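Residue numbering restarts at 1 for every chain, and letters A, B, ... go by the order of the sequence lines. Quick caveat, the model's predicted, so the values are computed rather than measured.
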There are 2 protein chains.
Amino acid sequence: MSTNRVLMPFKEHGHSHKKCLISAMTMAEKTCCTRGVKLTKLRRRVLELVWSSHEPVKAYDILDKLRDEHSGSAPPTVYRALDFLRAEGMVHKIESLNAYVGCGEPEHSHIGQFLICRDCGAVAEMDDADVRELLAEKAGSLGFHIDRELIEIKGLCAACSTEHR
Amino acid sequence: MSTNRVLMPFKEHGHSHKKCLISAMTMAEKTCCTRGVKLTKLRRRVLELVWSSHEPVKAYDILDKLRDEHSGSAPPTVYRALDFLRAEGMVHKIESLNAYVGCGEPEHSHIGQFLICRDCGAVAEMDDADVRELLAEKAGSLGFHIDRELIEIKGLCAACSTEHR
DNA sequence: CAATTAATGTTATATTATAACATAACATAT
DNA sequence: ATATGTTATGTTATAATATAACATTAATTG
């Protein structure tokens, strides 16, 4: 039995992204509503910008876009929105890139395992129980108790592998 | 059979660190010599500063110390030395902390899995083949080929768990 | 609608890292 | 030994990432 839950798979290159975006935004609205937290106009916009692709987005790139739309935007504008979105599990930070990606499944809290393609830059998110268990076991054998794990894997996605052949 | 190689275990709190430091520096000298690369005075000093404890060290903290010793030190001084040491596997960067730790086994190139205690701040380094294999398998099932993996686990080390009881 | 809380605006600054070019130290060939 | 090339370091400037602190506005609630 596989526990390889894929929260957000790699998409074929050039897929129509509109559906991803709509689905993510709908899910976010719904999740916020359920939780009684507010997805304000600003937060929604930042989430849209994060979801503009499957590649991690930089905070200052988001800021540039916000500034085009509203001159009063500043770093805190972005970081606060990102903090909110991260706290609600709608966005994850990729620490090794200082960049942010949308989460495909914000409604259930989790800690993802990220696959990052070195070629197209896209990120996929797994949430694999076997991996978590194995790490817990290995860490446990050293007397270490895990709170949170950060897993960011760099490599080549299937689509990019194919193109390279 | 366990594959849980521990490159740098957690030490009991308050252990005499001098031996760790001497051993690390000796190993570094030896490894550089074998490889025909130069552990210059500056690089050696930066490595010592990284090894001043088992906690990740910040680049600008290193810089402050270097400046005490030589006023001509600047950010590039530190980052270049760190780049060299990282390239030679003597230092690892903890991406989630923007900080640097010494590697217990620079002589064989590897990608470690880091356990970071939220209480004492110490870092242990594992290099576990089972974990690597499982991740390769899981990623592989998505058609993803792994180049490098980043694993940084936050939690509570054995010594800190004991103290909390 | 007054009081409170939450969200955003605004200014300033902290932290982390690199670019670009100059000089010095070291190695090697003549 | 000295010219030459290479590696390492010095130096100045700036880029990129993130937070602090306080003011204002908007939303919520008593």
Side-chain angles (χ1 to χ4, degrees), chain A residues 28-29 32-33 35-50 55-88 90-101 116 121 150 152, chain B residues 28-29 32-33 35-50 55-88 90-101 116 121 150 152:
Chain A
E29 295 281 5
C32 282
C33 187
R35 292 181 191 163
V37 297
K38 274 172 292 190
L39 190 63
T40 62
K41 201 173 128 189
L42 177 59
R43 290 166 178 172
R44 187 182 302 109
R45 184 67 186 125
V46 169
L47 184 57
E48 276 172 13
L49 290 170
V50 169
E55 297 171 43
V57 176
K58 297 277 188 172
Y60 275 73
D61 289 344
I62 295 172
L63 179 54
D64 288 344
K65 299 239 170 77
L66 288 183
R67 277 181 161 142
D68 290 345
E69 299 163 8
H70 172 62
S71 68
S73 303
T77 314
V78 169
Y79 284 105
R80 282 170 188 155
L82 286 174
D83 285 349
F84 170 85
L85 295 169
R86 290 172 68 191
E88 296 300 330
M90 288 159 192
V91 162
H92 295 295
K93 181 178 184 184
I94 306 296
E95 296 284 352
S96 61
L97 299 175
N98 294 319
Y100 304 82
V101 286
I116 305 160
L150 175 75
E152 296 177 6
Chain B
E29 295 281 5
C32 283
C33 188
R35 292 181 191 164
V37 297
K38 275 173 291 192
L39 190 64
T40 62
K41 201 173 129 191
L42 177 59
R43 291 165 176 173
R44 187 182 301 109
R45 184 65 186 127
V46 169
L47 184 56
E48 276 172 14
L49 290 171
V50 169
E55 296 171 44
V57 176
K58 297 277 187 173
Y60 275 73
D61 289 344
I62 295 172
L63 179 53
D64 288 345
K65 300 238 170 77
L66 288 184
R67 277 182 162 144
D68 290 345
E69 299 162 8
H70 172 63
S71 66
S73 304
T77 314
V78 171
Y79 284 105
R80 282 169 187 156
L82 287 174
D83 286 349
F84 170 85
L85 296 168
R86 290 171 68 189
E88 297 299 330
M90 287 159 193
V91 162
H92 295 294
K93 180 177 184 186
I94 305 296
E95 295 284 352
S96 60
L97 299 174
N98 294 319
Y100 304 83
V101 285
I116 306 160
L150 174 76
E152 297 177 5

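To the nearest angstrom, P of C:dT8 lies 12 Å from CG of A:Asp83. D:dA16 atom C1' lies 12 Å from atom NZ of A:Lys93, rounded to whole Å. The CG-P distance, from A:Leu63 to D:dT19, rounds to 14 Å in whole Å. Rounded to whole angstrom, the span from the CZ atom of A:Arg43 across to the P atom of D:dA27 amounts to 12 Å. Going from atom CZ of A:Arg45 over to atom P of C:dG9 covers 14 Å, rounded to whole Å. Straight-line distance from the CG atom of A:Asn98 to the P atom of C:dA17: 8 Å, rounded to whole Å. In this entry the distance linking CZ of B:Phe84 with P of D:dT9 reads 9 Å, nearest Å. Atom pair A:Leu85:CG and C:dA7:P shows a separation of 12 Å (rounding to whole Å applied).
A side-chain donor-acceptor contact under 3.5 Å links B:Arg44 to the backbone of B:Leu39. A donor-acceptor pair is defined here as one N or O able to donate and one able to accept, closer than 3.5 Å; no such pair exists between the side chain of B:Arg43 and the backbone of B:Phe84. A distance-only check finds no donor-acceptor pair linking the side chain of B:Lys58 to the backbone of B:Leu63 [under 3.5 Å].
Remark: the A:Ser96 side chain and the A:Glu152 side chain contain an N/O donor-acceptor pair separated by less than 3.5 Å.
The side chain of B:His70 places no N or O atom within less than 4.0 Å of a non-bridging phosphate oxygen (OP1 or OP2) of D:dT9. For A:Thr40, a side-chain nitrogen or oxygen approaches OP1 or OP2 of C:dT8 to under 4.0 Å.
Using a 4.0 Å cut-off between charged nitrogen and carboxylate oxygen, B:Arg86 and B:Glu88 do not count as a salt-bridge pair.
When distances run from any side-chain atom of B:Thr77 to the nucleotides C:dA17, D:dT11, C:dT10, the shortest one goes to D:dT11. Out of D:dA18, C:dA19, C:dT10, the shortest distance to the side chain of A:Tyr100 is found at D:dA18.
Projected onto DNA chain C by closest heavy-atom contact, B:Lys58 and B:Lys38 fall at different nucleotides, the more 5' of which corresponds to B:Lys58. Between B:Arg80 and B:Ala99, it is B:Ala99 whose nearest contact on DNA chain C lies nearer the 5' terminus.
A donor and an acceptor atom never sit less than 3.5 Å apart when one is taken from the side chain of A:Tyr60 and the other from the base of D:dA15.
In this pair, B:Tyr79 does not lay its aromatic ring on the base of C:dT18; centres under 5.5 Å and planes under 30 degrees do not both hold.
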